*Asks:* 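Here's a structure for you.
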Amino acid sequence: MNDGEGCSKDRDEIDVLWDDLGAFVRRLRTKRHDHKLTPSQIQALGHLDRQGPLTAKELAKFERVTPQSIAKTVAALEEQGMVTRRADPSDGRAALVTMTELGTSTLHEDRTKRTQWLAEVIDAECTEAERDLLLIAGRILRRLGQGASPASTSISEESLMNP
């Protein structure tokens with residue numbers, strides 16, 4: 001960490017990074033114009049796809065939202081036929097949320113569109129070195145988003161370069 005004058009400069013750069021991330025997210029959102037699902041719903045489906053069936057409590061923890069918020073998200077997904085709820089065999093008081101075939105196909109279609117768009121943008125607007133830096137930055141942003149320190153996730157310079 002820097003102290004004194006360097007810290008102020010770092011904060012200015014972090015402010016710019018924050019604005020840059022916001023601009024990128026806004027551009028991503030413009031590519032979702034034809035989608036029926038909200039970003040929260042897509043995120044929830046993504047967690048279910050990666051983790052398998054989860055309780056609402058577990059899903060809320062992954063999403064870092066309140067149980068009430070995830071309950072609304074799950075209810076909307078269930079109403080659209082994207083997920084089902086069934087009793088948790090290990091805890092009769094809880095329900096497991098499971099993706100349906102429709103949820104899986106919708107998520108994979110969305111991922112395919114997003115990946116295609118991002119690959120085209122990177123190919124058109126970035127150098128190979130910038131592409132590599134973006135991929136490294138993506139892994140760092142994921143780690144920061146998960147709240148994990150480099151030591152706890154065993155991330156090294158080599159692992160950042162080679163996922």
Side-chain angles (χ1 to χ4, degrees), residues 14 17-123 131-156 158-163:
I14 297 300
L17 174 61
W18 188 254
D19 290 342
D20 293 343
L21 289 170
F24 180 72
V25 168
R26 284 188 298 278
R27 186 170 179 191
L28 279 176
R29 285 186 185 146
T30 67
K31 301 302 169 190
R32 302 181 54 82
H33 59 84
D34 63 339
H35 214 285
K36 305 169 253 186
L37 301 176
T38 67
S40 296
Q41 293 168 347
I42 289 290
Q43 284 294 114
L45 288 175
H47 286 300
L48 292 168
D49 188 52
R50 286 185 295 278
Q51 305 296 323
L54 296 169
T55 65
K57 183 178 180 178
E58 292 167 329
L59 192 52
K61 185 176 177 183
F62 275 115
E63 283 293 298
R64 296 179 182 224
V65 298
T66 65
Q68 296 85 352
S69 293
I70 206 65
K72 289 178 184 176
T73 299
V74 169
L77 288 169
E78 189 174 33
E79 188 176 299
Q80 295 177 65
M82 303 287 173
V83 300
T84 59
R85 288 188 255 198
R86 61 180 166 82
D88 183 347
S90 64
D91 180 357
R93 299 166 298 167
L96 284 175
V97 180
T98 306
M99 285 178 65
T100 63
E101 286 184 29
L102 177 61
T104 300
S105 65
T106 300
L107 176 66
H108 291 177
E109 181 182 314
D110 182 74
R111 279 186 182 156
T112 299
K113 286 180 183 178
R114 286 183 289 151
T115 299
Q116 180 180 353
W117 172 81
L118 188 54
E120 289 170 0
V121 168
I122 289 172
D123 286 347
R131 177 194 172 278
D132 291 344
L133 285 171
L134 280 171
L135 296 176
I136 292 168
R139 289 188 280 282
I140 294 168
L141 289 169
R142 176 178 295 273
R143 186 188 78 219
L144 294 173
Q146 293 171 338
S149 68
S152 70
T153 56
S154 301
I155 292 180
S156 65
E158 187 172 321
S159 70
L160 286 173
M161 297 299 291
N162 303 305

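Computed from a predicted structure; not experimentally measured.
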*Asks:* How long is the straight-line distance from CG of Asp19 back to CD1 of Ile14, given to the nearest 0.5 Å?
*Replies:*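 Reported to 0.5 Å precision, the distance equals 11.5 Å.
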*Asks:* Got a second to check how far Leu77's CG is from Thr84's OG1, nearest 0.5 Å?
*Replies:*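 Leu77 CG to Thr84 OG1: 11.0 Å, rounded to 0.5 Å.
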*Asks:* Which heavy-atom pair separates Ala75 from Arg85 by the least distance, and what is that distance?
*Replies:*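 Smallest heavy-atom distance, with atoms named: CA-NH2, 3.8 Å.
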*Asks:* Got a second to check how far Ile136's CD1 is from Ile140's CD1, nearest 0.5 Å?
*Replies:*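 Here the rounded value is 7.0 Å.
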*Asks:* Checking Gln116 now: which residues fulfil side-chain hydrogen bond (donor to acceptor under 3.5 Å, both in side chains) with it, not counting sequence neighbours?
*Replies:*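 Only Glu120 meet the side-chain hydrogen bond (donor to acceptor under 3.5 Å, both in side chains) criterion with Gln116.
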*Asks:* Check the pair Arg114, Asp110 against side-chain contact (heavy atoms from CB on, under 4.5 Å), reporting the backbone distance first and the verdict last.
*Replies:* CA-CA 6 Å; Arg114 286 183 289 151; Asp110 182 74; 2.6 Å; yes
*Asks:* Does atom CZ of Arg50 have more than 12 heavy-atom neighbours from other groups under 6.0 Å away?
*Replies:*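 Enclosed.
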*Asks:* Give every residue pair that meets the ring-ring contact (aromatic ring centres under 6.0 Å, His included) criterion with at least one member in residues 87-107, sequence neighbours excluded.
*Replies:*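 Every candidate ring-ring contact (aromatic ring centres under 6.0 Å, His included) pair involving residues 87-107 fails, so no pair, neighbours aside, qualifies.
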*Asks:* Over all heavy atoms of both residues, which pair between Ile70 and Ala60 is shortest? Give the atoms and the distance, please.
*Replies:*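 Reported closest heavy-atom pair: CG2-CB, 3.7 Å.
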*Asks:* Can you list everything that forms a salt bridge (charged side-chain N to carboxylate O under 4.0 Å, His left out) with Arg131? Sequence neighbours excluded, please.
*Replies:*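 With sequence neighbours excluded, Arg131 shows a salt bridge (charged side-chain N to carboxylate O under 4.0 Å, His left out) to no residue whatsoever.
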*Asks:* What are the two closest heavy atoms between Thr55 and Glu58, and how far apart are they?
*Replies:*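 So the minimum-distance heavy-atom pair works out to N-OE1, 2.8 Å.
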*Asks:* How close do Ala56 and Val97 get, heavy atom to heavy atom, and via which atoms?
*Replies:*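 Looks like N-CG2, 4.4 Å.
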*Asks:* How about Glu109 and Lys113: do any of their side-chain heavy atoms sit closer than 4.5 Å?
*Replies:*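 Yes, close enough: below the 4.5 Å cut-off.
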*Asks:* Any side-chain heavy-atom pair from Thr73 and Gln43 closer than 4.5 angstrom?
*Replies:*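 They are not in contact (no side-chain heavy atoms under 4.5 Å apart), so the answer is no.
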*Asks:* How close do Ile42 and Leu37 get, heavy atom to heavy atom, and via which atoms?
*Replies:*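 Nearest heavy atoms, Ile42 then Leu37: CD1-CD1, 3.7 Å.
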*Asks:* Determine whether Leu21 and Leu141 satisfy the following criterion, side-chain contact (heavy atoms from CB on, under 4.5 Å), listing intermediate values before the conclusion.
*Replies:* CA-CA 10 Å; Leu21 289 170; Leu141 289 169; 4.1 Å; yes
*Asks:* Please walk me through it: do Val65 and Leu59 pass side-chain contact (heavy atoms from CB on, under 4.5 Å)?
*Replies:* CA-CA 9 Å; Val65 298; Leu59 192 52; over 6 Å; no
*Asks:* Tell me, do Asp88 and Pro53 make a side-chain contact under 4.5 Å, heavy atoms counted?
*Replies:*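 Counting from C-beta outward, Asp88 and Pro53 never come under 4.5 Å.
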*Asks:* Indicate yes or no: at least one non-hydrogen side-chain atom of Asp49 is less than 4.5 angstrom from one of Arg111.
*Replies:*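 Yes. Closest side-chain heavy atoms under 4.5 Å.
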*Asks:* Side chains of residues 98-105: which donor-acceptor partners sit under 3.5 Å, not counting sequence neighbours?
*Replies:*
residue, atom, partner, partner atom, Å
Thr100, OG1, Gly81, O, 2.6
Thr100, OG1, Met82, O, 3.1
Thr100, OG1, Leu102, N, 3.4
Thr100, OG1, Gly103, N, 3.1
Thr104, OG1, Thr100, O, 3.1
Ser105, OG, Glu101, O, 3.2
Ser105, OG, Leu102, O, 3.1

*Asks:* Which heavy-atom pair separates Ser40 from Glu63 by the least distance, and what is that distance?
*Replies:*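 Minimum heavy-atom separation between Ser40 and Glu63: O-OE1, 4.2 Å.
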*Asks:* Please list all pairs passing the ring-ring contact (aromatic ring centres under 6.0 Å, His included) test where one or both residues lie in residues 50-80, with sequence neighbours left out.
*Replies:*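 Sorted result for residues 50-80: His47-Phe62.
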*Asks:* Enumerate the residue pairs fulfilling ring-ring contact (aromatic ring centres under 6.0 Å, His included) with a member in residues 65-86, sequence neighbours excluded, ordered by first and then second residue.
*Replies:*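 Those involving residues 65-86 do not exist here.
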